Amino acid sequence: MLSGTGSDAGPTGADWAAAVDAVRQVPADGRVLLICHVNPDGDALGSMLGFGLGLRRLGVRRLQATFPGPPEVPEPFHGLPGLDLLVPATEAYPDPDLVVCFDAASASRLGDLVDRLDTAGTALVLDHHASNTRFGGIHLVDPAAAATSVVVEGLLDRLGVPLDAGIAECLYVALTTDTGSFRFEATTPAVHEMAARLLATGIRPGDISRRVFDHRPFGAVRLFGEVLGRARLEPPAAGGRGLVWTYATLDDLARHGQRPYVLEALIDSVRCTAEADVSCVVKQVAAEEWAVSLRSKGAVDVSRVAVALGGGGHRFAAGFTGRGTADEVVERIRGQLDDAVIGGGDQQEQRRVSVFPR
Ligand code: 5GP
Ligand code: MN
């Protein structure tokens with residue numbers, strides 16, 4: 001394993017049993033707090049709300065879901081079932097009987113809510129990052145899982161909660177988010193089997209995907225055009241595998257009247273670049289603070305880069321918070337790329353071979 005501190009093995013039978021016990025032992029009037037990572041994406045929100053709806057079916061009445069930072073749900077997720085479970089972080093139970101964390105590789109991803117790991121009676125962690133630091137008390141961390149929602153489905157099943165359309169929609173949004181709509185490597189037969197179980201509840205994949213992935217304000221379309229127009233291609237970076245990157249400032253967002261979360265989809269346009277293995281979007285969060293998204297097509301372990309710069313993630317999708325100017329942040333990434341090239345393979349050379357004789 002190239003990065004992270006965790007092991008690649010998934011939960012043991014004892015881990016599953018401990019998690020089931022932790023949920024079953026919540027007293028009838030007990031308080032359960034669900035927390036997902038800061039700047040929640042589809043897997044974070046979908047896993048958390050899907051599990052919350054399952055707990056509701058089990059009869060848990062004092063139940064909150066939250067995430068650190070501004071209490072703002074990105075527009076693509078406004079149709080998710082279970083949104084009524086959400087409370088602002090400032091209103092979250094200070095000392096719940098059980099806290100459950102979703103899709104967070106490290107305690108720092110819980111922001112100001114990190115203290116709940118200590119104040120809660122029990123802390124249960126559901127995640128799928130190989131870099132998971134094993135914070136909290138009970139760990140259901142499966143690096144082989146395509147999404148945290150795979151772990152959620154496993155736990156709901158062991159708790160005897162059947163899938164209904166509400167739970168299924170949440171878990172489907174999570175699964176499609178983290179597999180890039182069934183395009184990424186993690187899309188195993190088991191992923192499609194899970195998707196089949198979710199779809200069998202009657203949810204409508206076309207409607208869901210349009211809302212979550214294919215729907216944005218015209219201002220965001222124009223903003224994307226501008227930000228993509230300033231992308232830079234650096235073929236020599238990452239030992240010749242190539243880097244493509246761009247950045248977006250708070251001023252860009254303001255000029256186009258857009259909220260920061262619209263930039264989350266930008267990496268998908270940048271990473272299409274044929275001439276680069278590594279892609280990067282540097283998104284301004286504050287004066288000298290940037291949220292960085294990194295992707296690789298397979299020649300570079302970008303989680304190594306992210307971990308070296310204080311973040312985390314998966315081999316081919318990772319991120320971190322950068323300080324200084326955008327140029328300084330990108331310079332630090334360049335400095336880590338050569339060490340993160342996987343094996344000695346020559347993927348770039350292979351890609352240059354023409355299919356036609358010259
Ligand atoms: P994204 O680029 O979509 O924000 O994130 C890609 C992956 O990197 C996700 O698995 C996400 O959890 C992880 N990631 C993104 N930013 C950070 C960060 O600041 N810290 C850590 N530990 N992981 C991050
Ligand atoms: Mn995830």
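Fair warning: this is a prediction, and the values are worked out from it, not measured in the lab. Ligands are counted one by one from 1 in listed order, and the atoms in each one are counted from 1 as well.
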Please evaluate residues Phe213 and Thr177 with respect to the criterion side-chain contact (heavy atoms from CB on, under 4.5 Å), reporting the C-alpha separation (whole Å), side-chain torsions for both, the decisive distance (0.1 Å), and the verdict. CA-CA 9 Å; Phe213 303 113; Thr177 296; 3.9 Å; yes

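Residue contact annotation: His37 has no non-hydrogen atom under 4.0 Å from ligand 1. Ligand 1 has Thr321 within reach: a non-hydrogen atom of the residue lies less than 4.0 Å from it. Distances from ligand 1 to the non-hydrogen atoms of Ala105 include no value under 4.0 Å.
In terms of protein heavy-atom proximity, atom 6 (C) of ligand 1 is nearest to Arg295 NH1, 3.6 Å. Of all protein heavy atoms, the one lying nearest to atom 7 (C) of ligand 1 is Ala317 O, 3.4 Å. For atom 2 (O) of ligand 1, the closest heavy atom belonging to the protein is Ser293 OG, 2.6 Å. For atom 11 (C) of ligand 1, the nearest non-hydrogen atom of the protein is Arg109 NH2, 3.7 Å. From the protein, the heavy atom lying nearest to atom 15 (C) of ligand 1 is Gly319 CA, 3.4 Å. Considering only non-hydrogen protein atoms, atom 21 (C) of ligand 1 sits nearest to Gly312 N, 3.2 Å. Atom 19 (O) of ligand 1 has Phe320 CA, 3.4 Å as its closest protein atom, hydrogens excluded (heavy atom only).
Between His128 atom NE2 and Asp103 atom OD1, the angle centred on the Mn ion (ligand 2) amounts to 90° (nearest 10°).
Enclosure of atom CZ in Arg204 is not indicated, since only 12 or fewer non-hydrogen atoms of other residues, nucleotides or ligands lie within 6.0 angstrom.
Val99 and Val23 fall into different hydrophobic clusters, where Ile, Leu, Val, Met, Phe, Trp and Tyr residues are linked whenever their side-chain heavy atoms come under 4.5 Å apart, directly or through other members. Leu294 and Phe184 are members of different hydrophobic clusters when ILVMFWY side chains are connected at heavy-atom separations under 4.5 Å. Side-chain heavy atoms closer than 4.5 Å link hydrophobic residues (I, L, V, M, F, W, Y) into clusters, and following such links, even through other members, never connects Val38 to Phe320.
In terms of N/O distances under 3.5 Å, ligand 1 is not approached by Val292.
Heavy-atom contacts of Gly313 reach the following atoms of ligand 1: 8 (O), 13 (C) (cutoff under 4.0 Å). Residue His314 has at least one heavy-atom neighbour below 4.0 Å for each of these atoms of ligand 1: 10 (O).
Compare His128, His129, Lys283, Glu264 by their heavy atoms: the one nearest to atom 10 (O) of ligand 1 is in His129.
Asp43 approaches Ser149 most closely through the heavy-atom pair OD1-N, 3.2 Å.
A cation-pi arrangement is found for Arg230 relative to Tyr247, the charged atom lying closer than 6.0 Å to the ring centre and inside a 45° cone about the ring normal.
Within Asp178, OD2 is the N, O or S atom that lies nearest to the Mn ion (ligand 2). Nearest N/O/S atom of Asp43 relative to the Mn ion (ligand 2): this is OD2.
Side-chain atoms of Arg332 come within 3.5 Å of backbone N or O of Arg323 as a donor-acceptor pair. In terms of modelled atom types and a separation under 3.5 Å, the side chain of Asn132 and the main chain of Ala104 share a donor-acceptor contact.
By the 4.5 Å heavy-atom criterion applied to side chains, Glu169 and Thr201 are not counted as neighbours. Two residues are said to be in side-chain contact when any heavy atoms from C-beta on lie closer than 4.5 Å; Leu266 and Leu223 fail this criterion.
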